[in-house]
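Each ligand, and each atom within it, is numbered from 1 in the order the structure gives.
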Amino acid sequence: MSSIDIIKTVTLSTFVYSTLVTAAGLGQWGPTIEFPIVPVATALLHDTGELLVWSAYSPSTFQVDKAGYTQSAVYSPSNGTVNQYTISNTGHDMFCPGISIDFNGRITVTGGDTANKTTIYVSAPETWTAGGLMNIPRGYQSSATCSDGRIFTIGGSWSGGYGGKNGEIFNPSTNSWSLLKGCPVAPMLTADAQGAFRTDNHGWLFGWKNGYVLQAGPSKAMNWYGTSGSGSQTAAGKRASDPDSMNGNAVMYDAVAGKIATFGGSPSYQYSYATSNAHIITIGTPPAAPSVATINNMNYARAFANAIILPSGSVFIVGGQTYPIPFSDANSTLTPELWDPVSTKFTKMAVGPTPRNYHSVGLLMPDGTVFSGGGGLCGDGCAQNHFDGQFYSPPYLFQADGTTKATRPVITNVSASTIRVGANITVTTGGAVSSFALMRIGSATHTVNTDQRRVPLTAASTSGFNYTLKTPTDAGVLLPGYWMLFVLDANGVPSVATTVKITL
Ligand SMILES: *[C@@H]1O[C@H](CO)[C@@H](O)[C@H](O)[C@H]1NC(C)=O
Ligand SMILES: *[C@@H]1O[C@H](CO)[C@@H](O)[C@H](O)[C@H]1NC(C)=O
Ligand SMILES: *[C@@H]1O[C@H](CO)[C@@H](O)[C@H](O)[C@H]1NC(C)=O
Ligand SMILES: *[C@@H]1O[C@H](CO)[C@@H](O)[C@H](O)[C@H]1NC(C)=O
Ligand SMILES: *[C@@H]1O[C@H](CO)[C@@H](O)[C@H](O)[C@H]1NC(C)=O
Ligand SMILES: CC(=O)N[C@H]1CO[C@H](CO)[C@@H](O)[C@@H]1O
Ligand SMILES: [Cu+2]
């Protein structure tokens with residue numbers, strides 16, 4: 001079987017916009033979309049706007065080292081079609097991996113059930129290709145694309161043995177990994193009740209200036225990892241009094257200002273009370289320590305939630321449990337909330353019908369909606385398997401009554417489809433608009449999405465409905481790769497995005 005033979009095509013009969021009526025200001029959930037697998041991991045395909053999802057060797061269960069292939073599916077928002085595939089040619093079961101999207105939009109998936117492999121999704125022509133083996137086998141590591149285009153990873157004792165999962169870096173141009181002896185994992189370990197198996201899981205990593213990566217959690221301690229030469233590590237302080245916050249979320253909602261928001265998590269991976277804590281971390285020139293502000297708490301405690309940055313700068317926080325237990329839907333937080341970066345307040349949104357906990361995902365779509373899906377992978381017949389997802393429409397897509405769709409601003413032209421870091425972009429719109437944002441195309445699994453990032457843009461000059469926007473000059477801020485360009489009107493209603501490629 002080739003890497004991408006279609007197994008089955010399903011066109012959904014439910015491809016209609018939800019007519020659910022919700023109160024003003026809460027947003028709206030669309031219909032439930034069924035998948036042939038549990039969507040445990042996901043990435044947006046930059047060329048088609050389709051949603052790629054995958055599980056393990058099986059649609060519904062997993063086993064480390066059981067088999068070298070992965071079940072996947074692609075959902076096409078334009079017509080509601082789901083195509084199911086088996087990815088077999090790289091011998092990699094990509095369950096519980098690290099994911100990073102590189103400067104060329106290649107979705108780089110590392111470790112997991114097959115702990116030493118790297119498999120890369122390439123579009124046009126779409127194919128999965130083998131990357132070099134990691135020096136250290138890993139599962140539950142995180143990875144981050146760096147300002148020079150290489151991909152850093154650290155942690156990951158869920159598979160491939162316990163402990164010693166120090167940093168290494170992948171060079172896409174040589175297709176190979178190199179250990180960074182100056183990047184020890186020890187400073188970023190949590191004090192998890194399950195010990196080494198858990199202490200290095202799901203690092204909150206952010207590629208930043210000069211090849212540095214900020215590790216902002218989930219440990220109490222934050223660190224800068226430098227990736228030049230043989231690597232470096234510098235302690236970066238603590239998130240105020242936040243405890244270890246495993247399976248919490250951290251999102252760079254304003255890269256221009258160096259702003260990261262963090263939400264929830266629990267001291268241990270499981271059987272540990274989640275917090276509702278929230279912080280703003282402000283980063284500057286590494287390795288200077290960030291500043292940290294403790295802000296008002298979320299309405300709910302959460303671990304295993306997903307946090308999705310919207311083009312407006314608000315963050316949609318969905319799912320999770322107040323007391324995290326893998327493969328359980330007890331204590332689910334079904335009410336999502338929207339965080340406003342200006343007031344720093346959290347507002348409860350429309351209740352979602354399905355628990356989204358361990359092994360759930362969330363992702364921003366080019367139409368400004370949010371995909372929320374998955375959860376489970378606990379064997380055939382397990383009630384916590386959620387073979388489905390829904391698109392949530394935030395309040396910014398509605399008029400004040402909360403049900404009538406808002407008229408959206410329209411992008412009629414963008415001056416170039418490829419833009420160098422620091423160059424101007426001229427965007428032409430169908431009418432007056434007020435703000436602009438680049439949103440990096442995301443990937444998600446296990447609460448981690450190190451690809452998503454928001455870069456607000458300001459107009460350097462305006463002529464009619466032609467807006468010339470300045471872009472940041474540092475590749476650590478505007479990480480090259482594929483980004484969605486949104487314009488927003490005076491009411492904060494976003495356009496549908498135009499995808500552009502940012503290059504060095
Ligand atoms: C649905 O759209 C995708 C592209 O987004 C296309 O490849 C596929 O053939 C379409 N399927 C049907 C049944 O129209
Ligand atoms: C990679 O991992 C597989 C099993 O997970 C193992 O059989 C193989 O020997 C490993 N390869 C190397 C080079 O370590
Ligand atoms: C639209 O943008 C393209 C580049 O993407 C440019 O070549 C073209 O001149 C623009 N057209 C108009 C009408 O502005
Ligand atoms: C961006 O546009 C502004 C306003 O038109 C201009 O002053 C500036 O020189 C441009 N910058 C670049 C890098 O082209
Ligand atoms: C906007 O730009 C287009 C080319 O992209 C040009 O034809 C048009 O005259 C410009 N309009 C104004 C008001 O500058
Ligand atoms: C903190 C909390 O709500 N814990 C509950 C989680 O669910 C179990 C099983 O339903 C309850 O026994 C706990 O009280
Ligand atoms: Cu997992």
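Rounding to the nearest 0.5 Å gives a distance of 14.0 Å between CZ of Arg440 and CG of Leu364. A distance of 9.0 Å separates CG of Asn306 from CG of Leu363, quoted to the nearest 0.5 Å. Distance check, rounded to the nearest 0.5 Å: OG1 of Thr428 to CG of Asn413 gives 5.0 Å. Taken to the nearest 0.5 Å, the CE atom of Met188 stands 8.5 Å off from the CG atom of Asn201.
Under the ring pair (Phe, Tyr, Trp, His ring centres under 6.0 Å) test applied with His359, the options Phe387, Phe304, Phe327, Trp54 reduce to a single match, Phe327.
Checking only distances, Asn116 does come within under 3.5 Å of ligand 2, N or O to N or O.
Only protein atoms were considered; those of element N, O or S under 2.8 Å from the Cu ion (ligand 7) number 4.
Closer than 4.0 Å to atom 9 (O) of ligand 2 lies none of the heavy atoms of the protein. When distances from atom 5 (O) of ligand 2 to the protein are checked, a heavy atom turns up under 4.0 Å.
At the top of the distance list for atom 13 (C) of ligand 2, counting protein heavy atoms only, stands Leu133 CD1, 3.4 Å.
For Tyr75 and Phe391, the ring centers are positioned less than 6.0 Å apart.
Relative to the six-membered ring of Tyr269, Arg198 meets both conditions, a distance below 6.0 Å and an angle of at most 45° to the axis.
Set against the non-hydrogen atoms of Glu50, the atoms of ligand 1 under 4.0 Å away are 3 (C), 4 (C), 5 (O). Within ligand 1, counting atoms from 1 as listed, the ones closer than 4.0 Å to a heavy atom of Ser78 are 2 (O), 5 (O). Ligand-side atoms of ligand 2 in range of Asp65: 4 (C), 5 (O), range being under 4.0 angstrom from any heavy atom.
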Please lay out, stage by stage, how Glu337 and Arg302 fare under the test salt bridge (charged side-chain N to carboxylate O under 4.0 Å, His left out). CA-CA 11 Å; Glu337 32 198 321; Arg302 298 172 194 265; 2.9 Å; yes
Let me see the working for Arg356 and Asp388 under salt bridge (charged side-chain N to carboxylate O under 4.0 Å, His left out), right down to the final yes or no. CA-CA 10 Å; Arg356 300 292 178 199; Asp388 55 34; 2.8 Å; yes
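For the residue pair His386/Ser360, the side-chain donor-acceptor check at 3.5 Å is not satisfied.
In this structure, of Asn79, Val82, Asn83, the residue bringing a heavy atom nearest to atom 12 (C) of ligand 1 is Asn79.
Residue Thr48 places no heavy atom under 4.0 Å from ligand 1.
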